Amino acid sequence: MTRDVISLQIDDLSQFARTLRAGLANPPSHVEMLGQIARAAGYRNYQHLRAHHTPAPKPDAKRVEKALRYFDGQGLLMRFPGRTQMQWLCLWALWARLPAREEMSERAISARIDTFTAFRDAAQLRRSMVEAGLLTRTLDGAVYLRREQQPSAEARALISAVSARM
């Protein structure tokens with residue numbers, strides 16, 4: 001006789017362990033129960049399971065929505081925010097449009113940045129991107145390079161939302 005495979009996804013493992021322990025006559029401690037569940041799932045222990053299934057941080061939807069207000073329907077940055085944290089979040093959407101691993105002159109990067117904005121202040125945006133660690137430049141400022149890194153959850157959500165508008 002064949003066995004049916006039943007897949008189970010547990011959103012909150014801690015709550016699952018509590019509920020399971022409540023049904024046992026002599027339940028192990030909470031930590032021991034988490035370890036047993038992890039071993040039953042094929043992991044060495046609970047820490048091993050956590051290392052393989054670290055939850056991705058969720059973006060702050062309000063913050064992303066506020067940042068999105070600075071972009072028009074075509075994905076152009078209409079104005080530069082006044083608050084530094086909001087500026088840096090908006091810069092991620094510009095960073096994502098720059099080519100990776102391509103050295104650019106000051107004039108070339110300014111021309112690209114101008115195509116992403118409606119207010120044409122590439123110098124301010126360029127300096128802010130360097131300050132935020134999104135770009136690197138040579139000491140004389142002649143060559144710029146996009147700095148490859150993992151965007152935050154909010155930055156990824158903003159990049160996706162702005163890209164959808166283009």
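All values derive from a computational prediction rather than experimental measurement.
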Quick check for you: to the nearest 0.5 Å, what is the distance between L134 atom CG and M129 atom CE?
5.0 Å
Please list all pairs passing the salt bridge (charged side-chain N to carboxylate O under 4.0 Å, His left out) test where one or both residues lie in residues 39-51, with sequence neighbours left out.
none
Could you tell me which residues satisfy side chain to side chain donor-acceptor pair (under 3.5 Å) with S29, sequence neighbours excluded, listed by chain and number?
E32
Which other residues belong to the hydrophobic cluster containing V143, where Ile, Leu, Val, Met, Phe, Trp and Tyr are joined when side-chain heavy atoms lie under 4.5 Å apart, directly or via other members?
none
Just grab all the salt bridge (charged side-chain N to carboxylate O under 4.0 Å, His left out) pairs involving residues 9-31, residues at least two apart or on different chains.
none
Supply the atom-to-atom distance R112 CZ to Y144 OH, rounded to the nearest 0.5 angstrom.
15.0 Å
Between the CD1 atom in I113 and the CG atom in D121, the distance rounded to the nearest 0.5 Å is 10.0 Å
Donor-acceptor pairs are to be reported for all side-chain atoms of residues 64-86 against protein atoms at under 3.5 Å, with residues two or more places apart or in another chain.
residue : atom : partner : partner atom : Å
D72     : OD1  : Q74     : N            : 3.0
D72     : OD1  : G75     : N            : 3.0
D72     : OD1  : L76     : N            : 2.8

Testing the basics here: between A93 and I159, what is the closest heavy-atom pair and its distance to 0.1 Å?
CA-CG1, 4.1 Å
Does L125 belong to the same Ile/Leu/Val/Met/Phe/Trp/Tyr cluster as L145, with side-chain heavy atoms less than 4.5 Å apart forming each link?
no
Quick one: side chain to side chain donor-acceptor pair (under 3.5 Å) pairs with a partner in residues 146-166, sequence neighbours left out?
R146-E148
Taking I37 as the starting point, is it possible to reach V31 by hopping between hydrophobic residues whose side chains are less than 4.5 Å apart?
no
Could you walk me through whether L13 and L34 pass the side-chain contact (heavy atoms from CB on, under 4.5 Å) check?
CA-CA 8 Å; L13 186 60; L34 289 172; 3.9 Å; yes
Drop me the distance from M33's CE to T19's OG1, to the nearest 0.5 angstrom.
10.0 Å
Heavy-atom nearest pair, L91 first then A132, reads CD1-CB, 4.4 Å
Scan residues 81-125 for pairs that pass ring pair (Phe, Tyr, Trp, His ring centres under 6.0 Å), counting only residues two or more places apart or in two chains.
W92-W95
For I6, which residues count as a side chain to side chain contact (heavy atoms under 4.5 Å, CB included) partner, sequence neighbours excluded?
none
Closest non-hydrogen atom pair between D114 and A122, with its separation
OD1-CB, 3.5 Å
State, to 0.1 Å, how close L49 and A41 come at their nearest heavy-atom pair, and which atoms those are.
CD1-CB, 4.5 Å
Side-chain polar contacts of residues 98-109 - donor-acceptor pairs under 3.5 angstrom, sequence neighbours left out - could you list them?
residue : atom : partner : partner atom : Å
S105    : OG   : A108    : N            : 3.1
E106    : OE2  : R126    : NH2          : 3.4

How would you list, by chain and number, every residue that makes a ring pair (Phe, Tyr, Trp, His ring centres under 6.0 Å) with H53, sequence neighbours excluded?
Y43
